[in-house]
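Here's the structure we're looking at; comments come further down.
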Amino acid sequence: MTDAVLVYVGLIFAGILVAVVTALVAAGIVIVVQRFTDAARERHDGYVDAIGMVFAVVGVLYAIVLAFVVITVWDQMGSARQDSFTEATALVDVYAYAENVQDPARSEIHLLARSYAEQVIRDEWPAMQHHESVPLNGWNTLDRLREAVRGTAPDADASDATVDSYEAAMNALTTASEARTARATASTRGLPLVMWFLLVGGGLLTIAFAYLFDIAGLVPQLIFTVGLTVMVVLLLYAVYQLEYPFARGERIEPDAFRFALARFAQLSS
């Protein structure tokens, strides 16, 4: 199996393990809670009604916050993947532009574009997988690439097609720079600590109220409480895996820049 398949298999098995352990712990807590709260439920007629009202408010508020966070990290993952392909595609456009200019400018642009893609794969991706800042070497290479393209600026008597081609290459470099900035930002931008406190604390509070419901029979109580607990924990597990787009289990690989290198070879053949 490929490395990507192994990563996804490991991610799925880890999720299953989390769900099973959570279910076992939740079931044990249900049994203990029911055993020691039966007397209190019998003495207070309004016990269940009060718990139900509080649970409704807390549960709805927590569901809104959790849904918002899940959508946010999922959108961030999609945006980071799109930015990486935007950056790589812009790099291919610059490389293709150089096919129509004369040496030594063409060779220099090709060399710098290829060097940039290789630096991203070799140096920057491992750093992003550890939530580290993107090295500055890539910026230096991108700046040199921009200067090399700027050195091919057409003369005043150049044709419109030549001018348009040059301007498109410069715009592609601007696009690559913007996408690079977005990628670098996303690699180190996780959820604030206060948000994790809210997610974990709110989840514990919501689940705690569920354990106090007076549902007739142990089996229905187990199904209700264990199901809720497992769902909350799995959603938190998903948020954790998606928090950093270029790290953890559901991480983005440098496929866009591998594609760019393949296109370079194709354009030069």
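Atoms considered below: every heavy atom in the structure, side chains included; atoms not considered: hydrogens, waters and symmetry mates.
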**Message:** I need the Leu234 CG to Thr229 OG1 distance, nearest 0.5 Å.
**Reply:** 10.5 Å

**Fill in**
When every non-hydrogen atom of Ala172 is compared with those of Ala90, the smallest separation belongs to O-CB, 3.2 Å

**Message:** Checking the side chain of Ser84 only, and the main-chain atoms of Arg81 only, is there a donor and an acceptor separated by less than 3.5 Å?
**Reply:** yes

**Prompt:** Between atom CZ of Arg146 and atom OG of Ser177, what is the distance when rounded to the nearest 0.5 Å?
**Reply:** 5.0 Å

**Asked** Would Val60 end up clustered with Leu204 when hydrophobic side chains under 4.5 Å apart are linked, directly or stepwise?
**Response** no

**Asked** Is it true that a side-chain atom of Gln119 and a backbone atom of Glu124 form a donor plus acceptor pair closer than 3.5 Å?
**Response** no

**Prompt:** Taking atom CG of Asp103 as the centre, does the number of heavy atoms from other residues, nucleotides or ligands within less than 6.0 Å exceed 12?
**Reply:** yes

**Asked** Got a second to check how far Leu112's CG is from Leu91's CG, nearest 0.5 Å?
**Response** 10.0 Å

**Residue pairs, two or more places apart or on separate chains, that pass ring-ring contact (aromatic ring centres under 6.0 Å, His included) and touch residues 85-111** = Tyr95-His110, Tyr95-Phe264

**Item:** Minimal non-hydrogen separation, Ala256 against Ala88, with atom names
**Value:** O-CB, 3.3 Å

**Request:** State plainly whether one hydrophobic cluster holds both Leu173 and Leu136, where clusters connect Ile, Leu, Val, Met, Phe, Trp and Tyr through side-chain heavy atoms under 4.5 angstrom apart.
**Result:** yes

**Prompt:** Is it true that Tyr240 and Trp74 fall in one hydrophobic cluster, defined by side-chain heavy atoms closer than 4.5 Å?
**Reply:** yes

**Message:** Just so I know, are the side chains of Leu236 and Leu66 near enough to count as touching, which here means a heavy-atom distance under 4.5 Å?
**Reply:** yes

**Item:** Glu243 side-chain N/O to Leu191 backbone N/O, donor-acceptor pair under 3.5 Å
**Value:** yes

**Message:** Around atom CZ of Arg144, are there more than 12 heavy atoms from other residues, nucleotides or ligands closer than 6.0 Å?
**Reply:** no

**Asked** Can you tell me how far the CD atom of Glu108 sits from the CD atom of Glu147, to the nearest 0.5 Å?
**Response** 10.0 Å

**Request:** Examine Val226 and Tyr62 and state if one hydrophobic cluster contains both, with Ile, Leu, Val, Met, Phe, Trp and Tyr joined whenever side-chain heavy atoms are less than 4.5 Å apart.
**Result:** yes

**Prompt:** How many angstroms lie between atom OH of Tyr116 and atom CD of Glu87, to the nearest 0.5 angstrom?
**Reply:** 3.5 Å

**Request:** For residues Val94 and Ala169, report the shortest heavy-atom separation together with the two atoms involved.
**Result:** CG2-O, 3.8 Å

**Asked** Do Thr181 and Trp139 come close enough that some side-chain heavy atom pair is under 4.5 Å?
**Response** yes

**Prompt:** Got Glu132 and Ser187 here, is their nearest side-chain heavy-atom distance under 4.5 Å?
**Reply:** no

**Message:** Taking the side chain as everything from C-beta on, heavy atoms only, tell me whether Asp93 gets closer than 4.5 Å to Thr175.
**Reply:** no

**Shortest non-hydrogen contact between Ala179 and Asp83, atoms and distance** = CB-O, 3.4 Å

**Asked** If two hydrophobic side chains count as joined below 4.5 Å and joins carry through other members, does Met231 share a cluster with Val58?
**Response** yes

**Item:** Between OG1 on residue Thr141 and CG on residue Asn137, distance to nearest 0.5 Å
**Value:** 6.5 Å

**Complete:** Closest non-hydrogen atoms of Ile252 and Trp125, given as atom of the first, atom of the second and distance, are O-NE1, 2.8 Å

**Message:** Determine whether Met128 and Arg251 satisfy the following criterion, side-chain contact (heavy atoms from CB on, under 4.5 Å), listing intermediate values before the conclusion.
**Reply:** CA-CA 10 Å; Met128 293 190 299; Arg251 60 179 175 269; over 6 Å; no

**Message:** Could you report the tightest heavy-atom contact between Gly203 and Val232, atom names first, then the distance?
**Reply:** CA-CG1, 4.2 Å

**Prompt:** Under a 4.5 Å cut-off applied to non-hydrogen side-chain atoms, are Leu198 and Val69 in contact?
**Reply:** no

**Message:** Run Tyr166 and Arg150 through side-chain contact (heavy atoms from CB on, under 4.5 Å) and show every step you take.
**Reply:** CA-CA 8 Å; Tyr166 169 77; Arg150 187 176 288 120; 3.8 Å; yes

**Asked** Around atom CE of Met170, are there more than 12 heavy atoms of other residues, nucleotides or ligands at under 6.0 Å?
**Response** yes

